[in-house]
Amino acid sequence: MSASVTDCDIAVIGAGIVGLGVAHAARRRGLDVIVVDRCDDIVGASVRNFGHACIGAQTGEAARYASLARPLWLELARDAGFWLRACGSVVAARHEDEVAVLEAARAQDANGIRMQTASEVRDHAPVGTSSLLGGALLQDDLQTDPRSAAHAIARLLARRGVEFRMRTSALRLVSDAVSGGVRVQTTRGAVIARHAFVAVNHDLDQLLPDLAESEGVQRCALDMMRVQADLAAPLRTPVLTGWSLARYSRFADLPQARTMRQRLHQERPDLAAVDVNQMYTQLPDGTLFVGDTHTVSTAPGPFQAEAAQELLLQETAELFGVPRPTVLERWQGVYAKGVDEFLRREVAPGVVALAATTGIGMTCGLGLAEDAVARALGERTAPTGSTTSPSPTQKTDHEDYTS
Ligand SMILES: Cc1cc2nc3c(=O)[nH]c(=O)nc-3n(C[C@H](O)[C@H](O)[C@H](O)COP(=O)(O)OP(=O)(O)OC[C@H]3O[C@@H](n4cnc5c(N)ncnc54)[C@H](O)[C@@H]3O)c2cc1C
């Protein structure tokens, strides 16, 4: 283990999309940035997801971060040269109550949402089921390949001068009396920074366990598959279903969604039991991401129930009117799950913990990071929401923020 000590303006713990967003926001402002990640590669939730920025399905704080994130995704895709399409998403409605939810959302705010007939839905995706009634296009949504996007962003940031220290775990964050900043103790020496951003997703419960506990942060484990399906035509956009409407805030909180959710749960207790979000994205190579199921706990088990995966495969065959797809890969991904959609907490002077505490970090993470960096540098007024600063009088010379 090296005992080196380095100075920088910004230390970032975690090289997922949130940490990369912080590094990008800081580097853009000309600051020196060091990113540490415990793994030798980027392998967290940011590479295990659908690659879907579901911008049009958000409301409130999430919508604000999503709209900050959208131009950042476009800029990063251009500069880093990774695949991204500004294609929108289509919601396939298979029941009148799903159409009612979409219409209610549009009536509340018509921005970025266009109702679709069944045939218009089929212009975007070859939905084969005869139960298709219509749907909606979420016009601002983006799609990327999560397996290449985060890596490409990291390479771009490295070219721009961000230092990455992989295979390096942050162990402790303590105040540094000499510099007045923060000392991040890692398995390879210390990093001393003016500001430290903790962007470790569900591992918040390991690095800042008291914070995770007081904020009610748990782990949500999701099972996903990549399949080969005999589709009649490519998906021109990601495809969402009624199960997605029951989940995303722009729809889920509407009174009409209550009726829809009750009906879905009554009709399909098997899918409800595994907390399904039936949705699809297609990669440039033609394979489909199919998902997903959700299990929330402080320590979700690693074992993936084959029955739940089989249900998803049957639903896929039914939706697209195709034979059972061939599974190419299965995996589990985990994200931090909190009471609110985001955790943004100044745990000590100069130390900010950030997490998307529901499954929308690809949609909002870059915006969350941009906003947090701007606030830390005093570019924006302190929020009147969840962020609280500790009283300066609570701080001692070498206070340990992680214990
Ligand atoms: C299956 C699945 C599907 C999803 N689909 C979508 C979607 O379609 N759209 C969407 O918007 N969101 C989606 N999400 C959510 C989204 O992927 C996450 O919200 C987002 O990737 C979280 O980013 P992150 O940077 O916080 O975490 P991560 O990508 O998990 O990165 C955290 C990093 O911190 C590192 N780390 C942890 N502890 C330490 C430590 N002590 N020291 C150093 N490094 C540490 C880890 O190694 C990791 O690299 C999905 C999530 C999953 C799991």
Side-chain angles (χ1 to χ4, degrees), residues 11-23 34-55 57-58 62 65-66 69 73 89 141-144 146 149-151 153-154 164-173 184-188 191 196-209 217 219-226 238 240 244 247-248 277 279-281 289-295 300 304 330-338 341-343 353-369 402:
V12 183
I13 303 157
I17 199 65
V18 176
L20 293 173
V22 170
I34 294 177
V35 178
V36 299
D37 197 291
R38 64 159 56 135
C39 294
D40 200 22
D41 194 5
I42 303 174
V43 292
S46 301
V47 301
R48 300 182 190 212
N49 57 67
F50 288 96
H52 175 216
C54 49
I55 290 155
Q58 311 306 327
Y65 293 144
W73 271 117
S89 302
D141 286 13
L142 305 173
Q143 186 197 345
T144 189
H151 295 92
I153 294 170
F164 284 84
R165 296 190 184 175
M166 305 303 284
R167 253 173 136 182
T168 304
S169 288
L171 302 171
R172 246 193 175 80
L173 292 121
V184 182
Q185 288 175 348
T186 81
T187 43
R188 294 175 194 259
V191 176
F197 289 85
V198 177
V200 296
N201 192 10
H202 52 277
D203 288 330
L204 191 78
D205 61 5
Q206 296 180 2
L207 192 58
L208 295 167
V217 174
R219 293 168 173 237
C220 181
L222 301 85
D223 291 348
M224 292 271 291
M225 287 176 280
R226 187 168 71 88
L240 307 181
S244 321
R247 185 168 291 277
Y248 296 125
N277 175 12
M279 63 170 282
Y280 304 89
T281 54
F289 284 152
V290 176
D292 50 10
T293 60
H294 301 74
T295 308
Q304 300 182 294
R330 300 168 195 271
W331 64 97
Q332 188 181 65
V334 182
Y335 60 70
K337 173 83 178 147
E341 290 189 309
F342 302 97
L343 181 136
L354 287 180
T357 42
T358 185
I360 51 175
M362 290 297 275
T363 308
C364 302
L366 293 177
L368 173 70
T402 27

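Counting starts at 1 for both ligands and their atoms, in listed order.
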Residue [X] vicinity, atoms of ligand 1 by number, heavy atom under 4.0 Å:
| X | result |
| --- | --- |
| Arg48 | 1 (C), 2 (C) |
| Met224 | 1 (C) |
| Thr168 | 43 (C) |
| Val18 | 23 (O), 24 (P), 25 (O), 26 (O) |
| Cys39 | 47 (O) |
| Tyr335 | 51 (C) |
| Thr363 | 9 (N), 10 (C), 11 (O) |
| Ile360 | 10 (C), 11 (O), 12 (N) |

Looking only at non-hydrogen atoms, which of [options] approaches [atom] most closely?
| atom | options | result |
| --- | --- | --- |
| atom 3 (C) of ligand 1 | Leu20, Asn49, Asp141 | Asn49 |
| atom 23 (O) of ligand 1 | Gly365, Ala45, Ser46 | Ser46 |
| atom 52 (C) of ligand 1 | Val47, Leu222, Val36 | Leu222 |
| atom 35 (C) of ligand 1 | Val200, Ile13, Asp37 | Asp37 |

Do any N or O atoms from the side chain of [X] and from the backbone of [Y] form a donor-acceptor pair under 3.5 angstrom?
| X | Y | value |
| --- | --- | --- |
| Asn49 | Pro146 | no |
| Thr187 | Ser169 | yes |
| Arg48 | Val43 | yes |
| Thr357 | Glu341 | yes |

How close does the nearest protein non-hydrogen atom get to [atom], and which residue and atom is it?
| atom | result |
| --- | --- |
| atom 8 (O) of ligand 1 | Phe50 CB, 3.3 Å |
| atom 9 (N) of ligand 1 | His52 O, 2.7 Å |
| atom 44 (N) of ligand 1 | Arg38 N, 3.0 Å |
| atom 32 (C) of ligand 1 | Ala199 O, 3.6 Å |
| atom 27 (O) of ligand 1 | Asn201 CB, 3.2 Å |
| atom 34 (O) of ligand 1 | Gly14 CA, 3.4 Å |
| atom 42 (N) of ligand 1 | Ala170 N, 2.9 Å |
| atom 31 (O) of ligand 1 | Gly16 CA, 3.4 Å |

Heavy-atom contact under 4.0 Å between [X] and ligand 1?
| X | value |
| --- | --- |
| Gly359 | yes |
| Leu354 | no |
| Gly291 | no |

Can you list the residues that meet the side-chain contact (heavy atoms from CB on, under 4.5 Å) rule with Ala149, with sequence neighbours excluded?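 Residues passing side-chain contact (heavy atoms from CB on, under 4.5 Å) with Ala149: Trp73, Phe82, Thr144.
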Considering residues at least two apart in sequence or located in another chain, which fulfil the side-chain contact (heavy atoms from CB on, under 4.5 Å) criterion with Ala353?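 In terms of side-chain contact (heavy atoms from CB on, under 4.5 Å), with neighbours along the sequence ignored, Ala353 is linked to Val198, Leu204, Leu208, Leu211, Leu343, Val347.
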Per-residue contact class, Ile17 against ligand 1 - non-hydrogen pairs under 4.0 Å: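 Within the 4.0 Å criterion, Ile17 contacts ligand 1 through backbone and side-chain atoms alike.
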Tell me which part of Ala53 gets within contact of ligand 1: side chain, backbone, both or neither, using heavy atoms under 4.0 Å.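 Near ligand 1, Ala53 shows nothing, with every heavy atom at 4.0 Å or more.
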Closest non-hydrogen atom pair between [X] and [Y], with its separation:
| X | Y | result |
| --- | --- | --- |
| Val184 | Leu173 | CG2-CD2, 3.8 Å |
| Ala170 | Leu207 | O-CD1, 3.4 Å |
| Asp41 | His151 | OD1-NE2, 2.9 Å |

Looking only at distance, does Val43 have an N or O less than 3.5 Å from an N or O of ligand 1?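 No, there is no polar N/O contact under 3.5 Å.
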Can you measure from [atom1] ([X]) to [atom2] ([Y]) and round to the nearest 0.5 angstrom?
| X | Y | atom1 | atom2 | result |
| --- | --- | --- | --- | --- |
| Ser244 | Asn277 | OG | CG | 4.0 Å |
| Met362 | Phe50 | CE | CZ | 12.0 Å |
| Asp40 | Thr168 | CG | OG1 | 9.0 Å |

Answer yes or no: are there more than 12 heavy-atom neighbours, outside Arg167 itself, under 6.0 Å from its atom CZ?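 For Arg167, atom CZ is not crowded (no more than 12 foreign heavy atoms under 6.0 Å).
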Hey, are Asp203 and Arg219 close enough for a salt bridge, meaning a charged N less than 4.0 Å from a carboxylate O?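 Yes.
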Given Val22, Leu366, Thr363, the one that forms side chain to side chain contact (heavy atoms under 4.5 Å, CB included) with Ile17: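 Of all the options given, the one that passes is Leu366.
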